S.K.: 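Have a look at the structure that comes next, please.
Naming convention: chains lettered A, B, ... in sequence-line order (proteins, then strands); numbering from 1 in each chain. Since the model is a prediction, treat every value here as computed from it, not as a measurement.
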Amino acid sequence: MSFLSRYIFSTNHKTIGIQYFVLALTAALLGTALSVLMRLHLTYPEAKIRLFEILWPNAAAGGVMTPELYLSLMTMHGTIMVFFVLTTVPQGGFGNFFLPLQIGAEDMAFPRINMLSFWATALAFLVLCSAFVVEGGAPLAGWTAYPPLSAVGSIAGPGMGKGMTLWVVSIALFCAASLMGAINFITTILEMRTRGMSLFRMPLTCWAWLVTALISLFAFAVLFAAGILLLLDREAGTSFFLPAGLVINDRILDRKGGSPLLWQHLFWFFGHPEVYIAILPGMGVVSTVLSVFSRKPVFGYRAMVWAMLAIGFLGFLVWGHHMFISGMSPYSSLAFSVLTLAIGVPSAVKTFNWLGTILGGRLHLETAMLWALAFVSVFVTGGLSGIALGQPALDMYFHDTYFVVGHFHIIMGVAAVFSILAGTFYWWPKMTGRMLSETLGRVHFYVTFLGVYAVFIPMHFAGIVGNPRRYSDFGQFEFLKDVQGLHKFITHAAFLTAAVQLLFIFNLIWSLYRGKKAGDNPWNATTLEWLPPSHQPHIVVRGAYDYSVPGARRDFLMQNESNGQ
Amino acid sequence: MNVAAAGARRRASFTGLYAFFATMIMFFGAFTSAMVVRRGASKDWQGVPTPNLLWINTGVLALSSVVAERARRDLQNGNRRLFNTLWAAATVLGACFVAGQIIVWRDLQQAGVYINSHSGGAFFYVGTVAHAAHLAGGWIAMVYLLVRAFSLQLGPGRRTAVDITTLYWHFLGVLWLYLLWLFWFWGNWE
Ligand code: HEM
Ligand SMILES: [Cu+2]
């Protein structure tokens, strides 16, 4: 095998999993760097900062960011984080590496399509990043790219020309890649399980990957269609999203008949399921990690499965809660609100089952377990602010304030990242043969855990005061004078939290060379990925969480192990 | 490959195809809902004229499906010579359909139906081009299998490929009927 076919254009699921992981790690570093620059500008909007000028000689001439530059950083931050980190690692990274191992398949069902979907994702990332360097720079429209401004070209501002086009192309590519990935996951799970691995014996991670793939299959197709229409509005002069009589920058546009709200419907029909695409795989990881490190079976395994299916299904019926203030009829609002709050039920089922899993267990507080526990914490915190936002009457006020920013960072950003970190600490020994340092891991954990709360809880307060989101400077508003101090605090906490991530990166690199060698099954876990590699297919005889089975010879029974007395 | 593994591969191919159908349905569903909203949102809806050629194209595509299906059954019955001929015919008919569509697009533009100035036309072009693009994928698979068939390399493993391609081809036919209904009937219905 040549170098190319082994490491670059490989069809091996483990290689592809690592490729996704590395791609997403790169994206995460870039996204974090952008957020630090944004906080710096927000807190010191008038300061002359040399670094800005070096990076953007025009848009930050004299070291002060233009509002447009700020918005472009925000757009790129959100897009990179949502698509190339949260949608990429949990499914593309961990899923590719571990799904075939966990269900005892040799590889994914369609290895070549798998390779293609990775490279399409990588290309999408390059296309997105190239928006930074084209004329006008990166787009300003946020990760939601609302028309009309996203559909009319550079008249809407720098970055809304070439940069915005690149954004749409990148997202379309990403959709195509995700669809290929989803088809692969669904087929692999339904058709490639080894003997004895019935659906209800699968680890919850596999269930989570299945539900996520189903959601992706339906949601990304819709975003793909919407993206094509947006691209045509931009490049072919159509008016899918552009109404008549639009005046932008003192010019009347000669489009007519379209509806900007149509984009919002299509986008959020994708967008809300997307938040579950980001978090469901994490729920699978957390369920497993909690069980392994409590030495207890997952509490209510079947309920966990049904809850995931319910969340996946209901997730398609609630997109309107992002549009409460769009002028929809109050009856629609009410329907969307009730359905939205209904998702709280399966979410609560999962939360109580997690608590039930650890209750009375023999807890081993390794770093992986700490991250899993922290996931439960932030999931509850973010869910509570969600319940506030899910009421139209409250959302009228909270919409487009920092309350929403606080909500989705805690529940989507932070929760998903915590589950990724739980997965990394849990699976790293399998991926690399080495253990991560527990000492470094703990320091990183405690600082990050407190850090994210310090960053995102105050944002809720700023939102309650009425602080709008997507503004580059709050200094000019009298009513926001009182939250300036809060913002300064947030920024300092953000710097600290971002800085401590370097410790994590260091831990990864350090462990590759110096980490303790891991045995085959360092955590005494039950699932098939922890068996030594073998050429015989494994035959599964039991479920995935047989810990502390009464009468068994040790406190766990692997899935292919008959009750070895 | 042993028999069980071959069976698993075959099932996997079908499952993958069904999943692909699901995304296509969502894609064209999103497209349809955009059309419904667009039509309801403003008073400037224009239906697209349906030139006669469109009906001929429909016939050609349907015929192509029927012939492909016959070919598939002949292969199953071990009648390879007949398969080769019929599969070649289905492939040529598929190409004729696309060629016919290109002429339809050209004629409509000559009649003043442009993508950027005609509300129904914009959807017509997007829908029919998206359909043709999906069709092109299936057509490439047909050509590939044809080359294999003529170089006598159509082993049992490729039977699945023939079955899958034929099924996909039928699906595109049904999708075409749906689009035709959407543009011709719904789009022009007062
Ligand atoms: C019971 C649970 C939840 C409820 C009731 C809820 C409710 C809401 C509502 C009503 C909004 C719209 C706020 C506005 O724009 O005015 C919102 C925004 C958001 N939510 Fe949730 N949510 C819940 C869980 C989640 C979860 C689990 C995630 C992700 C994993 C998530 C991610 C987001 C994101 C990303 C946004 C903001 C999107 C944007 O405007 O940029 N939410 N949520
Ligand atoms: Cu939502």
S.K.: Please name the residue in the list A:Phe269, A:Phe270, A:Phe220 that meets the side-chain contact (heavy atoms from CB on, under 4.5 Å) test with B:Met26.
M.R.: A:Phe269
S.K.: Could you label the plane-to-plane angle of the B:Phe27 and A:Phe224 rings as parallel, tilted or perpendicular, counting under 30° as parallel and over 60° as perpendicular?
M.R.: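 Plane angle between 30° and 60°, so tilted.
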S.K.: When you scan chain A against chain B, which donor-acceptor pairs turn up at less than 3.5 Å?
M.R.:
residue  : atom : partner : partner atom : Å
A:Ala109 : O    : B:Arg9  : NH2          : 2.9
A:Glu191 : OE1  : B:Arg11 : NE           : 3.0
A:Glu191 : OE2  : B:Thr15 : OG1          : 2.6
A:Gly257 : O    : B:Arg38 : NE           : 3.2
A:Gly257 : O    : B:Arg38 : NH1          : 3.1
A:Gly257 : O    : B:Ser42 : OG           : 3.0

S.K.: In this structure, are over 12 heavy atoms from other groups packed under 6.0 Å from A:Phe313 atom CZ?
M.R.: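 Not buried by this count: 12 neighbours or fewer within 6.0 Å.
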S.K.: Tell me, side chain or backbone of A:Leu223 under 4.5 Å from chain B's heavy atoms, or both, or neither?
M.R.: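 Interface part for A:Leu223: neither.
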S.K.: Under 4.5 Å from any heavy atom of chain B, what part of A:Ile228 do you find: side chain, backbone, both or neither?
M.R.: side chain
S.K.: Please flag which part of A:Leu217 lies under 4.5 Å from any non-hydrogen atom of chain B: side chain, backbone, both or neither.
M.R.: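 Answer is both: backbone and side chain atoms of A:Leu217 are under 4.5 Å from chain B.
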S.K.: Where on A:Leu232 is there a heavy atom nearer than 4.5 Å to chain B: the side chain, the backbone, both, or neither?
M.R.: side chain
S.K.: Can you give me the closest heavy-atom contact between A:Leu266 and B:Ala34, atom names plus distance?
M.R.: CD1-CB, 4.5 Å
S.K.: What residue in B:Gly29, B:Ala130, B:Gly121, B:Ala122 has the most heavy-atom pairs under 4.5 Å with chain A?
M.R.: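 Most heavy-atom pairs within the cutoff with chain A belong to B:Ala122.
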